[in-house]
Amino acid sequence: MSRDRTAPLLLTPGPVSVSMTTKTVMLQDRASGGDEFQADLACARDYMVSLVGGQGAYTAVPLPGSATYANEAVITGLVPPGGKLLIHTNGVYGDRLIEICAHARIAHATIRTPPFTPPTADQFEAAILADPAITHVMVVHCETSTGVLNPIEAIADVCRKHTKGLFIDAVASFGAIPIDAKRLGFQAVTVSSNKCMQGVPGIGWTVVQKTALENAKGNCGPLVLDLWDQNQHMDRTSAFRFTPPTQVLAAFAQACREHAEEGGTLARLERYRRNWRRLVDGMRQMGFATVVPDECASPIVATFHNPDDPAFSFNALFEGMKRRGFIIFPGRLALADTFRIGCMGDVTEADMADAMTAVAETMHEMGITSLGHTDLVAAD
Ligand SMILES: *Cc1c(COP(=O)(O)O)cnc(C)c1O
């Protein structure tokens, strides 16, 4: 994984930085058929299914677009007429699932928990018992707007007990946090080509139970989002229905090979954990405070409070970091002045250590030499 150090390193929760070898496969024109395309498509689809241990019972369906396209495809396709979707939200991405339902006029109910509070299984059970019309449940695994990890195992147990179909927005976790199809029995998970899979952005993936997909035949309103149709077409012809993003798919197949070479999901999780640890320790040593309690934080992204010092400005931090080769991200929550630093992508602990030096230097530039009782020096 060699890095192009002329471009800034993205320390954002998406898009994320991608290895040079993954970028490089995009340099040639690529046809939408032929051996190479078909091999890349088959390799990518098989790999996505194998990552959840879903061989045989599941299929992986790519759609051109960002991951929201996959979420919209799942919601508009897999909730049957007369069905009702229970959605949990504790952040921006849960809210977006509700917005999709509202747009598509799909009956839905919601469970809302505060931004830093994962829901409990009891809350799902109570909502399901209170509303017999509910047929399906959807949750965000890692809520990227905060980094909170929601308890999908406990939620899956409730869905299984009450025979409700489960959809998981695993866009910010798939590839770095284990997701087991047999354990969870989900009907669908949605995934980005970028984020933890470290391909380039441009494909929204769905890994879906074949029986659920078969039941969805003819159900999806928008033609372009019809997972059933895209899947049957790809199974028959090894092609997309419409012009595929050929470079993005080639890069994704390469990203899958690199994911496997790294050692798979657990190895990637370990690297992201080291990044997160180095980041959070380094920031705390400088006096910054994290927003999310460590117990429900995921190693995908960390959210920090803006320091109280009147000399602090997020824009100055952003610009100073950018000049030093790092892109960071503002917070997404209305309730607090926060900013985020991502740990995903082609990023190592050594990169994080460099980023901590860059934070300390930028703070000095702002004239801030200590936060709280802590002198602002980057530790190594
Ligand atoms: C990134 C992300 C999405 C999809 O966002 P896009 O902008 O459509 O790529 C959905 N859910 C979660 C949890 C995400 O992190």
Side-chain angles (χ1 to χ4, degrees), residues 10-18 48 61-76 85 87-104 110 112-113 115-116 118-119 137-152 155 166-177 179 186 188-207 222 224-225 227 245 248 251-252 255 268-269 272 276 292 296-303 327-333 338 340-345 347:
L10 301 179
L11 296 180
T12 59
V16 306
S17 55
V18 161
M48 292 299 276
V61 190
L63 287 175
S66 79
T68 301
Y69 289 62
N71 280 336
E72 188 150 348
V74 165
I75 290 173
T76 55
L85 183 60
I87 297 171
H88 166 260
T89 179
N90 51 358
V92 167
Y93 291 102
D95 288 353
R96 191 177 290 168
L97 301 177
I98 297 169
E99 204 183 339
I100 291 171
C101 282
H103 257 258
T110 57
R112 187 175 289 277
T113 55
F116 310 118
V137 173
M138 187 159 192
V139 290
V140 175
H141 189 196
C142 173
E143 176 48 72
T144 323
S145 56
T146 54
V148 167
L149 199 61
N150 289 317
I152 53 172
I155 296 164
L166 174 63
F167 311 144
I168 301 169
D169 172 340
V171 177
S173 52
F174 194 100
I177 299 180
I179 295 171
F186 56 77
V189 298
T190 55
V191 190
S192 165
S193 52
N194 186 237
K195 303 224 172 150
C196 306
M197 289 306 296
Q198 296 183 195
V200 300
I203 295 176
W205 282 92
T206 304
V207 183
V224 293
L225 294 181
L227 291 170
V248 178
F252 190 79
R268 186 151 294 181
L269 176 62
Y272 288 2
W276 186 89
V292 180
C296 57
S298 62
I300 301 305
V301 62
T303 308
I327 303 290
I328 62 170
F329 217 62
R332 282 295 290 271
L333 291 165
T338 61
R340 288 180 291 169
I341 300 184
C343 306
M344 285 182 269
V347 174

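The structure displayed is predicted, hence computed values, not measured ones. Each ligand, and each atom within it, is numbered from 1 in the order the structure gives. Starting from 1, each residue takes its place in the sequence as its number.
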Straight-line distance of Arg96 CZ to Thr68 OG1, nearest 0.5 Å: 4.0 Å

Test item: Arg112 and Asp95 side chains (from C-beta on) under 4.5 Å apart, heavy atoms: yes

Numbered atoms and elements of ligand 1 in range of Ala172, under 4.0 angstrom, heavy atoms: 15 (O)

Residue that, paired with Thr89, satisfies side chain to side chain contact (heavy atoms under 4.5 Å, CB included) out of Ile98, Thr113, Leu97, Val140: Ile98

Nearest neighbour in protein (non-hydrogen) for atom 11 (N) of ligand 1: Asp169 OD2, 2.7 Å

Ser66 side, atom OG; Ile203 side, atom CD1 - distance, nearest 0.5 Å: 12.0 Å

Residue Cys142 vicinity, atoms of ligand 1 by number, heavy atom under 4.0 Å: 13 (C)

Thr68, portion touching ligand 1 at heavy-atom distance under 4.0 Å: both

Protein heavy atom at shortest distance from atom 2 (C) of ligand 1: Lys195 NZ, 2.5 Å

Residue among Val189, Val207, Val61 satisfying side chain to side chain contact (heavy atoms under 4.5 Å, CB included) with Met48: Val207

Enumerated ligand 1 atoms positioned under 4.0 Å from heavy atoms of Val140: 13 (C)

Contact partition for Arg96 relative to ligand 1, non-hydrogen atoms under 4.0 Å: side chain

Atom pair OH (Tyr93) and OG (Ser145), whose distance is rounded to the nearest 0.5 Å: 7.5 Å

Glu143 contact mode with ligand 1 (heavy-atom cut-off under 4.0 Å): neither

Atom indices of ligand 1 within 4.0 angstrom of Thr144 heavy atoms, with elements: 12 (C), 13 (C), 14 (C), 15 (O)

Ring centers of Phe252, Trp205 separated by less than 6.0 Å: yes

